[in-house]
Amino acid sequence: MTGGTRLIGEVAVPGAKNSVLKLMAASLLASGRTTLTAVPDILDVAVMGDVLAGLGVSVVRDVRHGWLGLDVPDEPGAAADGDLVRRIRASVAVLGPLVARCGEARVALPGGDAIGSRALDLHVNGLAKLGAVIDVEGGVLVARNSGRLQGATIWLDFPSVGATENLLMAGVLAKGTTVIDNAAREPEIADLCAMLTAMGARIDGAGSSTLVIDGVDALTPVEHRTVPDRIVAGTYAVGALMTGGDVMIRDGRAGHLGIVLEKLAQAGAEIDVLADGLRVVGRERPRSVDVVTLPYPGFPTDLLPQIIALESISSGTSLITENVFDSRFVFCRELHKLGADLRTDGHHVVVRPARRLTGAQVMASDVRAGAALVLAGLVADGETVVTDVHHIDRGYASFVESLTALGANIRRVTDDGAG
Ligand code: UD1
């Protein structure tokens, strides 16, 4: 891509990656046809579809219309394919539904994590509280349960998104009442609660930090529309401000972007909240703001790389603090190659104003870092090449096409290289 053009025009926000993958897993809770709409055209949906197909689900997809049909058999398989599970961590979401419905689930440990490791301890301990017996057999996490799971009260040490979802999907079919306290409150969890409720689940407190679930005997499949992707919407909002552009983000939900819009407004964006989306205008060089990531409704960690890219061209110094993941700052090294002035220390990064960013070849290390490098490339002098763009495909549908429609000078060269 060649930097220097302003993003101007309109972009539509598809359904959320972090919602649809869990909605797909939730289909396992009921035999018959679940239909999902507003399904984004992203790689992770295809991989999750393959995970479900391996469990006996027949998957029919109309990519163009964002439609997905999942025909779940009466007795789904119990073992999720190890190679696929390692490709997307979200596939661990089949654990709860499978153990609740079939009495057994076998899921390869993502990345070979040890049992009780930080990454899965909340999932595993919560399922054990509901009565599942958990073992590791040859690198595979096995959860077994004879009869129905038994409702219990679970306090999460940390409001983990994935653990909340897994325990929610296990609790809806458990006997009696399950309480998940210190639950994650992300809009994608409220979306999952909405689908489960339509399926016949009894859930109180959706979107709050205490979920009370009265287990039912069986659920029925439904049709459900995926909530719009707040991270994709936020990415375009940051892009509008960085490029001094004017972008109408259709289906961007202000209600899900509270602190993000507040920070962008402090940084100088003009934001109009409209009935069908958001309009974000950047008129001047952005002002620096400090940002701290936290579980929702805090600032989302999935917008951290994009905000660092913004800060790198802002007028002052900013302090960015990451509280959710350990390794998110790998991306700073790549941004530095474009001329950003960054200093990391533990889970903090200080971003000083760079006089300008200059095009270079950089590598996308994950989906959000990749999107952030593209945004940086849009304001860098000269040509920027982002490699390993398959990471971006995991979460952004038609990213290059959408940016081109907004006026960006960008093209995709091959699967592994974008200009
Ligand atoms: C989900 C999102 C991801 C987002 C993250 C936080 C999907 C597919 N991914 O990931 O994009 O960045 O939420 O908003 O929805 N942890 C534990 N023990 C556990 C589980 C998690 O210690 O059992 C820790 C993790 O190591 C991490 C933190 O909790 O440091 C957050 O993880 P979690 O909220 O579970 O994120 P994911 O569900 O994996």
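Read the numbers this way: they start at 1 and go in the same order the structure lists the ligands and their atoms. As the structure is a computational prediction, the values presented were derived from the model and not from experiment. Computed over heavy atoms, backbone and side chain alike; hydrogens, waters and symmetry mates excluded.
- The closest approach between any non-hydrogen atom of E165 and ligand 1 is not below 4.0 Å.
- Below 3.5 Å of separation, one finds an N or O of N18 facing an N or O of ligand 1.
- Across the listed options L120, D302, D121, D302 owns the non-hydrogen atom lying nearest to atom 12 (O) of ligand 1.
- Between R368 and E322 there is no salt bridge, since no side-chain nitrogen of the basic residue lies less than 4.0 Å from a carboxylate oxygen of the acidic one.
- At a 4.0 Å cut-off, not a single heavy atom of A184 sits close enough to ligand 1 to count as contact.
- Against a heavy-atom cut-off of under 4.0 Å, F158 is close to the following atoms of ligand 1: 28 (C), 29 (O), 31 (C).
- Closest to atom 39 (O) of ligand 1 by heavy atom, among R368, R89, E188, is R89.
- Heavy-atom contacts of A119 reach the following atoms of ligand 1: 18 (N), 19 (C), 20 (C), 21 (C), 23 (O) (cutoff under 4.0 Å).
- Residue contact check: A90 has heavy atoms under 4.0 Å from atoms 8 (C) of ligand 1.
- Of the N and O atoms on the side chains of T210 and D181, at least one donor lies less than 3.5 Å from an acceptor on the other residue.
- The ligand atoms of ligand 1 that sit less than 4.0 angstrom from a heavy atom of G162 are 35 (O), 38 (O).
- Listed for the R86 side chain is no donor-acceptor partner under 3.5 Å among the backbone atoms of A108.
- Between L294 atom CG and F299 atom CZ the span is 11.0 Å, to the nearest 0.5 Å.
- Between R144 and D135, at least one side-chain N (NZ, or NE/NH1/NH2) sits under 4.0 Å from a carboxylate O, which counts as a salt bridge.
- Within the set T301, V124, L303, D44, the minimum heavy-atom distance to atom 6 (C) of ligand 1 is found for T301.
- A distance of 9.5 Å separates CD1 in I307 from CE in M242, rounded to the nearest 0.5 Å.
- Judged by distance alone, the side chains of D214 and T177 do bring a donor and an acceptor atom under 3.5 Å apart.
- Considering backbone and side-chain N/O of V324, one or more are found under 3.5 Å from N/O of ligand 1.
- D62 and H65 form a side-chain donor-acceptor contact under 3.5 Å, judged by distance and modelled atom types alone.
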